[in-house]
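Data block below; observations after.
Counting starts at 1 for both ligands and their atoms, in listed order.
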Amino acid sequence: MKFSLFNITNFRVDGGAMFGVIPKALWSRQAPSDENNTVVLSLRSLVIETDGRIILVDAGWGDKQDEKFFRHAYLHDGDGLVSGLAQCGYSPEDVTDVIITHMHADHCGGCFVNTPGGGTTAVFPNASYHMSREQWEWASDSNLREEDAFLKENIRPFSDSGRLNLIEENGELCPGVMLKLFYGHTPGLMLPVIRYGNRRFIYAGDLMPTTAHIPLLWNMAYDLLPLVTIAEKQEILEEALHDNDLLIFQHDPQTECCGLSETPKGIRAGVRGRLSDFLQA
Ligand SMILES: [Zn+2]
């Protein structure tokens, strides 16, 4: 198995929304904000090469919305989707599988892009798309609370593709790649857990978007069911601490990967580094 990480882009989001009930006096020490109260997030995708497959995890925003939409996201820096993938050694045609953690616009939008003729085309023409059935049905029906995140132009191309594989429950996608479902952020958030050598790497996605979201009460205001998020984090953190697992962060602009350590205040980030540091170790 080979696995690598790249950052599609950085973007900005309201710091208060990112940290829910945590006072700014506390979160701003972890994530400095600008004059508009926004903080920087990264948007990292994972690529796993195993068992004859090239598996991409999440695909970023894409390009199907207008300039006004992206003006609020302040996209900057990063490697891009196709060029980031190329830096890892793969072309879009190489990708056999895309794991979509959930249908929020910053995670799924990049799978399909606009064509000059007005339609959309698949960026990964040979890929199947894996997402949880619960998330797919939830996003397809949408709701007032998430209507800014579940965009029709992102959902339609997946249903038209005929390549959707809807996952019903926790299980193995292929040897070494487990898929695990969560319900606090949005129903059926699906995060991969990868076994590499004798360690497991948990792609923390929107369950714990940054290292600052490891403490149990530090959660995004976007979460639909905060008490469920807390319980899900507690369970996975205790298990990860016990088994010496590592976390991979999609949205932490500083930290790609960390171990965990037990402190008097609870489980916190331990040793931090780039994914590649941990793969050599
Ligand atoms: Zn999300």
Problem - Closest D206 atom to the Zn ion (ligand 1) [N, O or S only] - result: OD2
Fill in the blank from the handout: Result for side chain to side chain contact (heavy atoms under 4.5 Å, CB included) between F3 and one of V177, I248, V57 points to I248
Exercise for the section: Looking only at N, O or S atoms, find the one in H104 nearest to the Zn ion (ligand 1) and name it. Expected result: ND1
Practice task
Could you tell me whether the Zn ion (ligand 1) has an N, O or S atom of D106 under 2.8 Å away?
Solution key: no
Practice task
Flag yes if more than 12 heavy atoms outside H242 fall under 6.0 Å of its NE2 atom; otherwise flag no.
Solution key: no
Handout entry: Backbone or side-chain N/O/S of H107 under 2.8 Å of the Zn ion (ligand 1)
Key = no
Exercise for the section: Determine whether more than 12 heavy atoms belonging to other residues, nucleotides or ligands lie under 6.0 Å from atom CD of E235. Expected result: no
Practice task
Check the angle between the aromatic planes of H107 and H102 and answer parallel, tilted or perpendicular using the 30° and 60° thresholds.
Solution key: tilted
Completion exercise
min-distance N/O/S atom, H102 vs the Zn ion (ligand 1), resolves to NE2
Exercise for the section: For the residue pair W61 and F11, categorise the inter-ring angle as parallel (less than 30°), tilted (30 to 60°) or perpendicular (more than 60°). Expected result: perpendicular
